[in-house]
Amino acid sequence: MDTSSCKTMWLAHISSDKTDVQTVAEHLRGTAALAEQFARPFGGADQARLAGLLHDIGKYSPEFQKRLKGGEKVDHSTAGAQAAFALRQLEIAFAVAGHHGGLPDGGAQGDDALSGTLLGRLKKEVPDCSVWRQEIQPGEAARPPQIPRDNVSASFYMRMLYSCLVDADYQDTEAFMQGAVPRGGYEPISRLLERLQAYIAPWWDAQNELNRKRCQVLRACLDAGSTGQSGLYTLTVPTGGGKTVSSLAFGLAHAAAQNKARVIYVISYTSIIDQTAQVFRKILGQENVVEHHSGVEYSVPEGKVDPMLYRKALAAENWDAPVIVTTAVQFFESLYGNRPSRCRKLHNIADSVVVFDEAQTLPVGYLRPCVAAIGQLVQYYGVTAVLCTATQPALQPLFEQLAPGLVMKEICPGTAALYEFFRRTTLQQGGELSQQELADQLVKSPQTLCVVNRRATAQTLYALLPGEGRYCLTTLLCPAHRKQLLAEIRDRLAAGLPCRVVSTSLIEAGVDLDFPTAWREEAGLDSILQTAGRCNREGKRSTAESLVTVFRLQGQQPPAMLRPNLDSARHVLDTFADPAGPQAIEAYFSFYRTLKGDTALDKEGILNAFSNGFQGRAFPFAAVAQRFRLIDNITATLYIPVGPGAELVEKLQAGQADRPLLRQLGQYAVNIYPEHLDRLLAAGAVGPMGDMGYKLTDLSLYDSRTGLALDVETGKGIFL
């Protein structure tokens, strides 16, 4: 289209090649229709539609029209927020104000126009855009009646509304900027359930008692999924009981029976997410499973007109696939986040089944806000949540406080009998050992697993072992190489060849390996039992000879963050004859929380910040997003340009930023802590890639068998 003939039109976007335009009215109505659709599952359709109609009315100004042609930056979102506030639509005002730069803090009455808070921006003078009323009729909208009026519930709803607006805005913009973008096309949940049933069909003819018991667990999950109502569930199955596939079976059966949109699988460890996703893809098909754990955040700054930035923002995941595999960090930091790329997926959590794998690893310092978030999702957004673990963390008392009336239901009955049946190992104390003494002990066993608390320890022990059949598994390896090594390990174990593996805790969950013996550096009881789950997993040896040895490393103090875990584990080991039983596990978590104290369950005061304000600011969305960090040290993404990763990094540097590329790049990335990054930068070993992360330039610092070298690391980081 010749844009010279459109001088009297109010434009929202001009295509990159200047040949096409989208009017503001077209964009507002398109965004409103999508937002309305997204919010329908939780009753927010009317307000979402109104938010879509108002979000860009600031573009009805001569100043913004000049900006489209290269003029000065213009704030075009504040006008919509002011219009929403004038309509007594506070929730919409927040969403519109933050649809580019992030949800702002509510602020205080004394805030001025430059404060950046919502109350401050309501006082800001903006370009005249009153002509919008000639083309847009806002209509009326009411807040969903089921959402309580308390500030915690209100803030949660505002984020959901914000998510609908941001995703709708991005998708409508994407459709214009890139043409008809293919979305959806996934197989329906009913078909995925059929795929699962076909995959597990051979299992029902189990030839031994162990597999028959696993089938019993699987059947219980399918039955409970098909007949159970939406709500809060637990799946408490000992390690080796087949929780991963069984929990997926519950999720798909329940989603099919209750007409839910998707299954979201939340994993605590970034290091094993690729393994779980790989299992799910094998069962359900490559195209139906999305793996998402990147912490990269994109946004289009207020007043910026940059197609490249738009492409990066549009590449952010919105979780519209039927099966999502993600991390606890991504899941909960998004629920308490404020940035567009973090929050745009939130509305797709509604009306889903969410499985929290290894629920005992929910971070204690944020346990109350995490439990509160789960309660909100289940009570008001049509979510069925499943706390899935071998070591159930006894959260019912917290749910009673934060989500009254929400009762956990166990999917698989007879938990105590299951624990007795799946007992495969004998725990023993190994005392204090030097690293050389530990290595000497490992050499005595042709096949053994040793799990330690630090990555540096893993690499040192690896160097002390004989060359044949030694392996080092840590998060310093990119996922592609971890997959290769795990495949080798499985082959060597099956063939009876020497196979000695030193690993950090990444191997403790979601990794189906079976060693004759195992060693575990002192840690929490849940971690010790997870390591035990990799020993005699298939029950081919006697319990007495399948030894799991717990040891201390000479000259090493336990990491400060692990001391409460160690104290609780020692308490249980001293008190219970059977430290692997359900009663001992419940006592472990109860004692642990007693040691930490109630205030430690929300160490940043997240819930209080919304209930009572933060530093005089109501609804402190931006402040809380900065404080809610499940991992204390924020990591940076370092891309490793080796093998296929080299070409992928080149494409990223060339400006290609779409979802398929970012998904592939995740297989050649390592997340590193600030101290490590500083040393690498000082050594000239990495190069920045703008807001996309960093690239390793000194490839001598990376080994496909041991990962990124720690020579430049301070040693202060704790890697679990």
Side-chain angles (χ1 to χ4, degrees), residues 24 28-29 31-33 35-36 38-40 42-61 75-100 102-113 115-166 168-169 338 343 347 376 380-381 610-613 616-622:
V24 181
L28 296 184
R29 290 176 184 135
T31 300
E36 179 181 22
F38 297 158
R40 194 166 286 125
F42 56 88
D46 289 345
Q47 283 195 306
R49 178 173 181 78
L50 181 53
L53 289 174
L54 295 178
H55 80 287
D56 270 357
I57 62 170
K59 292 183 176 181
Y60 279 103
S61 70
D75 174 355
H76 65 271
S77 60
T78 296
Q82 292 176 350
F85 192 78
L87 293 171
R88 300 181 181 272
Q89 295 283 352
L90 179 63
E91 298 91 348
I92 296 175
F94 268 108
V96 171
H99 79 271
H100 276 295
L103 280 168
D105 291 335
Q109 290 295 336
D111 291 352
D112 62 31
S115 66
T117 66
L118 178 65
L119 288 176
R121 290 175 65 176
L122 293 177
K123 302 173 184 177
K124 187 176 181 180
E125 289 190 19
V126 296
D128 179 25
C129 59
S130 56
V131 71
W132 72 270
R133 297 182 183 278
Q134 298 177 18
E135 295 191 351
I136 302 297
Q137 292 74 45
E140 297 182 356
R143 176 174 168 169
Q146 83 275 13
I147 306 296
R149 291 288 174 178
D150 66 275
N151 285 352
V152 171
S153 299
S155 66
F156 208 90
Y157 171 67
M158 289 181 198
R159 274 199 204 85
M160 283 292 191
L161 192 68
Y162 175 61
S163 169
C164 296
L165 174 62
V166 169
D169 182 27
N338 77 319
C343 294
H347 69 90
Q376 289 282 326
Y380 310 121
Y381 296 91
F610 281 109
S611 295
N612 302 309
R617 287 170 281 175
F619 292 111
F621 290 107

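Predicted, not measured: the structure shown is a model, and the values here were computed from it.
At distances below 3.5 Å, at least one donor-acceptor pair connects side-chain atoms of Ser115 with backbone N or O atoms of Asp112. Side-chain atoms of Lys124 do not come within 3.5 Å of backbone N or O of Gln82 as any donor-acceptor pair. In this structure, the side chain of Tyr157 does not engage the main chain of Ile147 through any donor-acceptor pair within 3.5 Å. Ser153 contributes no side-chain N or O that, together with a main-chain N or O of Arg149, makes up a donor-acceptor pair within less than 3.5 Å. Using modelled atom types, no side-chain atom of Gln376 and backbone atom of Val152 make a donor-acceptor pair closer than 3.5 Å. Between the Ser61 side chain and the Asp128 main chain, no donor and acceptor come within less than 3.5 Å of each other. No donor-acceptor pair closer than 3.5 Å links the side chain of Asp46 to the backbone N or O of Ala142. Side chain of Gln146 to main chain of Phe42: a donor-acceptor pair is present (N/O by atom type, distance under 3.5 Å, no hydrogens or angles). Without hydrogens or angle criteria, Asn338 side chain to Leu103 main chain gives a donor-acceptor distance under 3.5 Å.
A distance of 10.5 Å separates CG in Asp56 from SG in Cys129, rounded to the nearest 0.5 Å. In this structure, CD1 on Ile92 lies 11.0 Å from CE on Met158, to the nearest 0.5 angstrom. If you take CZ on Arg159 and CD on Glu91, they are separated by 13.5 Å, rounding to the nearest 0.5 Å. In this structure, OG on Ser77 lies 4.0 Å from CZ on Arg121, to the nearest 0.5 angstrom. We find the CD-CG distance between Gln47 and Leu165 to be 12.0 Å, quoted to the nearest 0.5 Å. To the nearest 0.5 Å, the span separating CG on Leu118 from CZ on Arg617 amounts to 13.5 Å.
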Trp132/Leu54 under side-chain contact (heavy atoms from CB on, under 4.5 Å): CA gap, chis, key distance, verdict: CA-CA 9 Å; Trp132 72 270; Leu54 295 178; 3.8 Å; yes
Does the side-chain contact (heavy atoms from CB on, under 4.5 Å) test come out yes or no for Leu90 and Phe85, once each step is laid out? CA-CA 6 Å; Leu90 179 63; Phe85 192 78; 4.1 Å; yes
Does the pair Phe156 and Tyr380 meet the rule for a ring pair (Phe, Tyr, Trp, His ring centres under 6.0 Å), with working shown? CA-CA 10 Å; Phe156 208 90; Tyr380 310 121; 8.8 Å; no
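For the pair Pro104 and Thr117, the minimum side-chain heavy-atom distance is 4.5 Å or more. Side-chain contact between Ile136 and Arg29: present, with at least one pair of heavy atoms (C-beta onward) separated by less than 4.5 Å.
Contact record, Ala93 with Ala84: N-CB, 3.7 Å, taken as the closest heavy-atom pair. Nearest heavy-atom pair across Ala83 and Ile57 is CB-CD1, 3.8 Å. Here the closest non-hydrogen pair linking Cys164 and His347 is SG-CB, 3.5 Å. Considering all non-hydrogen atoms of both residues, His99 and His55 come closest at CE1-O, 3.1 Å. Counting all heavy atoms, side chain and backbone alike, Ala95 lies closest to Tyr162 at O-CD1, 3.6 Å.
The aromatic rings of Phe621 and Phe94 sit perpendicular to each other, their planes meeting at more than 60°, with 30° as the lower class boundary.
Side-chain contact, Glu135 with Tyr60: a donor N or O sits under 3.5 Å from an acceptor N or O.
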